[in-house]
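If you're wondering where the values come from, they're calculated on a predicted model, not measured in any experiment. Side chains included, hydrogens not; waters and symmetry mates left out as well; all remaining heavy atoms used.
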Amino acid sequence: MSESGVNSKWEHLGLTRWPFYKTVDHSSAPIWAGRQQAKQLTDRFMWEWVRQDRNYIHLVWGDLGAGKSHTLSYIRHHFVQHPDLRVLPVRAVMPKEFSGFLEVYQAIMSAIDLDEIAELFYHLYRALGTKKAAVRDAFPYIPDAVEALLQLRSDLDSKKRWAETWLRGVRLTRSQMDSLGISRGVKDTNDCVAMLTGVVAIVAASQKYDRILVMLDECQRTWEAKRSITQKIDVGLQNWHDETSNRLTLVLAYKSGQMRDFLNLLNPDVKDRVTLPVISLPLLDSQDALEFVRSVLQQCSLQPQAPSWQPFGEDMVKSVVRHLTAGHGTTPRHLMTAFHAILTQYDRQIVSEGQCNLTLQEALAIADDALSDPFGEDE
Amino acid sequence: MDDTLTPGSGWPSTQAHIEHAAAFAGVLPPCALSQAFECDGCSAEGIDPCPIGTDPDYLSYLLHLRDLFLRQSTKRASQIKVLQQIFRRHKLPLHWQFAALLAIREDASLFQSPDSVRGILYFNPQVFTMIRDGVFVLR
């Protein structure tokens, strides 16, 4: 849809676009509402990654629906929109179940554009001139990776597919590996770390990028596994961080009710390597929630410079926010859900009846209905 | 041996029942506390002489069993409360080993080892639900 089409669709609401969404999509990624402290910290870190050559591990912590995924999308969008910053952003999600670091490796490799890595590697390979040199520079521990990356440019679809499968850490049959000229699969933590270290080396040696940024969402899933498995994952991440050449940023996003508990559950070896402070996204109190809604509306307003609560009245927004934050506070997701439902009613009434007569009590009832959960689970 | 202190026939099985009730349910025969010795409805009714009324050492042994039970169940209630608070705060499923990590940090005097946390989570299904192997949520 064209930009003017978007404008005309929501013009009667005084908006350029629909402001309230429940999941992060490409168009909403650049929007940042409220939480100025977290934004400033995120912006500072992004600036640091570009300016300084060292490895980073950052932590993002937040309550359910507090905006962790959005923060990761915001970071990703920033680097996609600014290729001149020379950071390759990769956003992966922790698997739901794992037996070790291999599944984490698979999740990361599934999120990486392997065609791009193959292209970057090809340039490196041509510059170095020999396979031996490519192995030495990128994959000394697992030389088969060089063959697999070269096969990604093969004219044969089957070979290309098998090479991709192998690189993503999925097992191939003996005959498939033979046809690729590969002797063994990616199996344990050492293999996975060697492969990931090689990927960072390729990115760092390229003309296009200086750094790879890997963002891992839903890291709290590691606490659903046995400690021995979680330790393997932590060792994998820690080795990857230690063995790469100052061009890796790892952002780990954890969902947990309280920051104190979240920090207590972290492996001390990983905690030692973390760049502090943690990007923290706690529940919003009444004032923060109000600022959040105001900021979302303003960024989608036809007149973004003029402060207004359009299409709602200020009293309406304040009352709904007060209602939602009574108790311990609320999350951006709850605010989005509630105001999405209220705005839908506004839109429907204005389009069908020419005006909106929604009372405050009706708005509160709509918000409550939108947030009621028949299954008794938040997520 | 003083025959007046030798319990009447049927005592061994009654004794097992009374001691089990004191040790595992904290329940004592009514006369143990009231000293009224009204035997109607008591599981030792008909035992003559009845050691509960006649033997002060046996009575103190029963009280000791009951006190152990009360102490243990009070501790168990506190442990469940702490674990409930942890799960409520965390809001998400946790493997018992990580729940134990938080519980021991929270109150090391209440939880001796991770295995004690595992026992509480496994054996209180009215409070904690196991959703996968070793992974618990609040019920």
Side-chain angles (χ1 to χ4, degrees), chain A residues 61-66 68-69 93-100 103 217-234 253-271 281-283 327-331 333-334 373 375-379, chain B residues 70-139:
Chain A
W61 163 80
D63 211 316
L64 304 167
K68 294 175 301 300
S69 301
V93 180
M94 269 285 180
K96 285 197 172 171
E97 286 180 31
F98 15 54
S99 56
E103 286 82 359
D217 206 354
E218 309 288 358
C219 289
Q220 78 285 346
R221 286 178 181 163
T222 58
W223 300 328
E224 292 178 36
K226 289 179 188 169
R227 279 188 81 183
S228 55
I229 294 174
T230 308
Q231 270 163 1
K232 280 186 197 171
I233 295 169
D234 290 336
Y254 289 85
K255 189 189 295 174
S256 169
Q258 271 201 1
M259 181 133 149
R260 173 168 57 109
D261 289 342
F262 146 72
L263 290 174
N264 281 338
L265 288 175
L266 282 180
N267 179 308
D269 290 332
V270 173
K271 216 168 9 177
L281 306 165
L283 292 177
H328 299 294
T330 192
T331 61
R333 187 180 294 162
H334 276 187
D373 183 359
F375 304 108
E377 288 281 334
D378 198 298
E379 279 198 343
Chain B
L70 288 181
R71 204 175 307 140
Q72 188 54 35
S73 61
T74 308
K75 185 181 177 189
R76 178 59 56 96
S78 308
Q79 288 172 322
I80 290 175
K81 199 172 163 190
V82 168
L83 283 168
Q84 268 180 315
Q85 283 168 352
I86 286 171
F87 276 93
R88 207 167 284 140
R89 276 201 318 256
H90 190 69
K91 298 181 183 175
L92 292 162
L94 273 177
H95 193 277
W96 66 263
Q97 292 174 332
F98 287 98
L101 195 70
L102 291 178
I104 291 168
R105 263 178 200 274
E106 189 112 342
D107 193 340
S109 63
L110 208 51
F111 300 95
Q112 272 76 37
S113 70
D115 283 329
S116 69
V117 174
R118 178 174 61 168
I120 295 163
L121 294 173
Y122 271 99
F123 294 114
N124 288 284
Q126 74 284 8
V127 187
F128 307 104
T129 305
M130 188 164 77
I131 53 166
R132 279 197 305 282
D133 190 24
V135 183
F136 288 85
V137 290
L138 262 191
R139 197 177 178 86

Task: Atom pair CG/CZ of B/Leu92 and A/Arg221 - distance to nearest 0.5 Å - done: 10.0 Å
Task: For the student: nearest non-hydrogen atoms of A/Asn264 and B/Arg105, plus distance - done: CG-CD, 3.4 Å
Open item on the list: If you compare all heavy atoms of B/Pro93 against all heavy atoms of A/Glu224, which two are closest, and at what distance to 0.1 Å?
Closed with: O-CG, 3.6 Å
Open item on the list: Please classify the contact of B/Leu101 with chain A as side chain, backbone, both or neither, using a heavy-atom distance under 4.5 Å.
Closed with: side chain
Open item on the list: Nearest 0.5 angstrom please: A/Gln220 CD to B/His90 NE2, how far?
Closed with: 7.0 Å
Open item on the list: Does atom OH (B/Tyr122) have a neighbourhood of more than 12 heavy atoms from anything else shown, all under 6.0 Å?
Closed with: yes
Open item on the list: Keeping B/Gln97 on the side-chain end and A/Arg227 on the backbone end, is there a donor-acceptor pair under 3.5 Å?
Closed with: yes
Task: Other residues, nucleotides, ligands: >12 heavy atoms within 6.0 Å of B/Lys81 NZ - done: no
Task: Spatial distance of atom CD (B/Gln85) from atom CG (A/Asp261) [nearest 0.5 Å] - done: 10.5 Å
- [ ] Considering non-hydrogen atoms only, spot the tightest contact between B/Leu102 and A/Leu265 and give its length.
- [x] CG-CD2, 3.7 Å
Open item on the list: Report which part of A/Arg260 has an atom under 4.5 Å of a heavy atom belonging to chain B: side chain, backbone, both, or neither.
Closed with: side chain
Open item on the list: For a side-chain contact (heavy atoms from CB on, under 4.5 Å) check, start with the C-alpha distance between A/Thr230 and B/Phe98, then their side-chain angles and the critical distance, and finish with the verdict.
Closed with: CA-CA 10 Å; A/Thr230 308; B/Phe98 287 98; 3.4 Å; yes
TODO: Look at atom NZ of A/Lys232 and say whether more than 12 heavy atoms of other residues, nucleotides or ligands are closer to it than 6.0 Å.
DONE: no
- [ ] Identify which part of B/Arg88 has an atom lying under 4.5 Å from any heavy atom of chain A, answering side chain, backbone, both or neither.
- [x] neither
